[in-house]
Amino acid sequence: MNISLIAHDNMKDDIVELSKRFENVLKEHELYATGATGERVMENTNLAVHRVLPGPMGGDQQIGAMIAEGNMDMVIFLRDPLTAQPHEPDVSALIRLCDVHNVPIATNQGTAEIFFKALATTGRFEI
């Protein structure tokens, strides 16, 4: 599966911790991430991550294009619900694309854990 890992600045520690906890699951999949998120995950795990641009610089749209082309199977986007984001329209567009193309998206740690536990149990995630 192709899985995207994205996190707002205040959530990067959380996505790193999730990646560490579920490293054995994630290593079986192709991982994609926006700039700094991918860098942080690679620095703190042994996971290989395909990095795109930082979110505010177009990375959210690059992931969105993968979704629209049918090349993304799951998105983990840990959003910071307490901080305004200057690129909020890009975030909304990414979530909308997931809805349009029926791609599972987790926007918080609890949902991401459910997705990863399903992957750990079955090796796949089917809707």
Side-chain angles (χ1 to χ4, degrees):
M1 290 182 65
N2 292 336
I3 300 172
S4 290
L5 303 174
I6 308 167
H8 284 148
D9 289 344
N10 289 342
M11 308 304 286
K12 291 201 190 312
D13 288 343
D14 294 334
I15 204 153
V16 166
E17 288 307 311
L18 271 173
S19 298
K20 287 164 66 173
R21 284 182 39 221
F22 291 97
E23 187 168 350
N24 286 337
V25 174
L26 293 174
K27 72 179 181 183
E28 302 299 323
H29 303 279
E30 288 291 318
L31 302 178
Y32 295 82
T34 50
T37 301
E39 184 177 343
R40 292 275 308 274
V41 169
M42 287 191 298
E43 287 173 352
N44 291 282
T45 68
N46 291 313
L47 296 168
V49 179
H50 304 281
R51 290 174 56 215
V52 299
L53 293 171
M57 303 302 291
D60 294 338
Q61 285 122 340
Q62 287 179 294
I63 299 294
M66 289 183 229
I67 293 165
E69 294 170 347
N71 296 323
M72 192 57 57
D73 302 301
M74 178 187 295
V75 176
I76 307 300
F77 191 161
L78 298 188
R79 300 173 63 212
D80 180 355
L82 301 177
T83 303
Q85 301 297 324
H87 66 292
E88 189 61 36
D90 300 334
V91 173
S92 296
L94 182 69
I95 293 170
R96 180 180 121 0
L97 280 169
C98 286
D99 290 344
V100 167
H101 294 279
N102 209 26
V103 173
I105 181 168
T107 59
N108 60 64
Q109 190 169 350
T111 308
E113 286 184 27
I114 289 169
F115 287 2
F116 291 161
K117 287 177 182 178
L119 283 175
T121 303
T122 64
R124 63 190 192 292
F125 193 87
E126 293 184 19
I127 52 174

Checking [X] now: which residues fulfil side-chain hydrogen bond (donor to acceptor under 3.5 Å, both in side chains) with it, not counting sequence neighbours?
{"X": "Arg51", "result": "none"}
{"X": "Ser92", "result": "none"}
{"X": "Asp9", "result": "none"}
{"X": "Arg96", "result": "none"}

Next item on the list: In plain terms, say whether Lys20 and Glu17 are close enough for a salt bridge, that is, a side-chain N and a carboxylate O under 4.0 Å apart.
Entry: yes
Check: Is a side-chain donor or acceptor of Glu23 paired with a backbone partner of Thr45 at a separation under 3.5 angstrom?
Finding: no
Notebook entry, point to check: Where the side chain of Thr37 meets the backbone of Ala33, is there a donor-acceptor pair that is under 3.5 Å apart?
Noted result: no
To the nearest 0.5 Å, how far apart are [atom1] in [X] and [atom2] in [Y]?
{"X": "Ile95", "Y": "Asp90", "atom1": "CD1", "atom2": "CG", "result": "11.0 Å"}
{"X": "Asn10", "Y": "Arg79", "atom1": "CG", "atom2": "CZ", "result": "13.5 Å"}
{"X": "Cys98", "Y": "Met74", "atom1": "SG", "atom2": "CE", "result": "11.0 Å"}
{"X": "Ile76", "Y": "Asp14", "atom1": "CD1", "atom2": "CG", "result": "13.0 Å"}
{"X": "Leu18", "Y": "Leu26", "atom1": "CG", "atom2": "CG", "result": "8.5 Å"}
{"X": "Glu39", "Y": "Asn44", "atom1": "CD", "atom2": "CG", "result": "10.0 Å"}

Looking at side-chain heavy atoms only, is the closest gap between [X] and [Y] below 4.5 Å?
{"X": "Tyr32", "Y": "Ile63", "result": "yes"}
{"X": "Leu53", "Y": "Thr34", "result": "no"}
{"X": "Pro104", "Y": "Val75", "result": "no"}
{"X": "Glu113", "Y": "Arg21", "result": "yes"}
{"X": "Val52", "Y": "Met66", "result": "yes"}

Do any side-chain atoms of residues 1-8 form donor-acceptor pairs under 3.5 angstrom with protein atoms, and if so which ones, sequence neighbours left out?
{"residue": "Asn2", "atom": "ND2", "partner": "Asn71", "partner atom": "O", "Å": "2.8"}
{"residue": "His8", "atom": "ND1", "partner": "Asp80", "partner atom": "N", "Å": "3.0"}

Checklist line | Partner residues of Glu30 under the salt bridge (charged side-chain N to carboxylate O under 4.0 Å, His left out) criterion, sequence neighbours left out | finding: none
Notebook entry, point to check: Which heavy atom in Leu119 sits nearest to a heavy atom in Val25, and how many Å separate them?
Noted result: CB-CG1, 3.5 Å
Check: Checking side-chain contact (heavy atoms from CB on, under 4.5 Å) for the pair Leu97/Val103: CA distance, chi angles, key distance, verdict?
Finding: CA-CA 8 Å; Leu97 280 169; Val103 173; over 6 Å; no
